[in-house]
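This chain uses plain numbering: 1 for the first residue, then up along the sequence.
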Amino acid sequence: PVRIDRVADELGLSRRSFTRLFREAAGCSYAEHVERVRIRYACRLLRDTARGIAAIAFECGYEDLSSFYRAFKRQTRSSPGRWRERGL
């Protein structure tokens, strides 16, 4: 997982400056962006592999399965299992 403080520090910015500039450039918060990227990757793994949902959740950087399920549903409006079944 890439932490916001580390990214800001590597860019020579304060956390506050980084978050403001990121939101202006991306149109969303850093956390929202990271969640979208993780779930997009999870969708690819669900579609292209036979890995279990728990393994995919951990590979995508989630430390617990319930957080992964909530984020997945928030981004796709579907559970990972249902998403895989429909082959989206």
Side-chain angles (χ1 to χ4, degrees):
V2 180
R3 303 286 182 225
I4 195 168
D5 292 324
R6 181 175 169 210
V7 174
D9 188 52
E10 287 183 15
L11 294 171
L13 297 169
S14 69
R15 179 186 178 116
R16 185 175 179 158
S17 293
F18 173 76
T19 57
R20 181 180 48 78
L21 291 170
F22 190 92
R23 185 175 291 278
E24 287 174 11
C28 63
S29 73
Y30 180 75
E32 291 167 334
H33 176 73
V34 169
E35 181 176 281
R36 281 188 205 140
V37 170
R38 285 178 173 173
I39 298 303
R40 211 174 303 137
Y41 182 57
C43 289
R44 196 171 97 213
L45 293 175
L46 287 165
R47 184 187 65 229
D48 297 342
T49 72
R51 289 185 202 142
I53 292 171
I56 290 172
F58 295 127
E59 184 172 337
C60 292
Y62 289 89
E63 295 178 6
D64 65 89
L65 205 48
S66 61
S67 295
F68 173 70
Y69 271 90
R70 280 193 306 274
F72 196 92
K73 187 126 185 170
R74 191 169 33 248
Q75 293 294 320
T76 67
R77 302 188 195 282
S78 177
S79 70
R82 180 167 226 142
W83 196 93
R84 178 179 261 170
E85 287 172 5
R86 291 192 306 211
L88 302 171

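Here D64 pairs with S66, S67 under the side chain to side chain contact (heavy atoms under 4.5 Å, CB included) rule; sequence neighbours left out. S14 pairs by the side-chain hydrogen bond (donor to acceptor under 3.5 Å, both in side chains) definition with S17, not counting sequence neighbours. Residues meeting the salt bridge (Lys or Arg N to Asp or Glu O under 4.0 Å) test with D48, sequence neighbours left out: none. Listed by chain and residue number, R20, L21 satisfy the side chain to side chain contact (heavy atoms under 4.5 Å, CB included) test with E24 (two or more places apart in sequence, or in another chain). Considering only residues two or more places apart in sequence or on other chains, R51 meets the salt bridge (Lys or Arg N to Asp or Glu O under 4.0 Å) condition with E59. Remark: A71 engages E35, I39, Y62, R74 in a side chain to side chain contact (heavy atoms under 4.5 Å, CB included) (not counting sequence neighbours).
Proximity of R36 to C28: side-chain heavy atoms (C-beta onward) are separated by under 4.5 Å at one or more points. Residues S29 and F22 have side chains not in contact (no heavy-atom distance under 4.5 Å, counting atoms from C-beta outward). Considering only heavy atoms from C-beta on, R3 stays 4.5 Å or farther from V34 through its side chain. When side chains are defined from C-beta on, R23 does not count as touching T19, because their heavy atoms never get closer than 4.5 Å.
Scanning both residues, R84 and L45, for their nearest heavy atoms gives NH2-O, 3.8 Å. In terms of heavy atoms, E63 sits closest to F58 at O-CE2, 3.4 Å. Scanning both residues, S78 and F72, for their nearest heavy atoms gives O-CD2, 3.1 Å. Closest non-hydrogen pair, I53 versus G81, comes out as CD1-N, 3.6 Å.
Without hydrogens or angle criteria, R38 side chain to C60 main chain gives a donor-acceptor distance under 3.5 Å.
Note: the hydrophobic cluster containing L46 also contains L65 (ILVMFWY, side chain heavy atoms under 4.5 Å, direct or indirect links). Under a hydrophobic clustering in which Ile, Leu, Val, Met, Phe, Trp and Tyr are joined whenever their side-chain heavy atoms come within less than 4.5 Å, directly or via other members, V37 and Y30 fall into different clusters. Placement of I56 and Y41 within a single hydrophobic cluster is found when ILVMFWY residues are connected by side-chain heavy-atom separations under 4.5 Å, directly or transitively.
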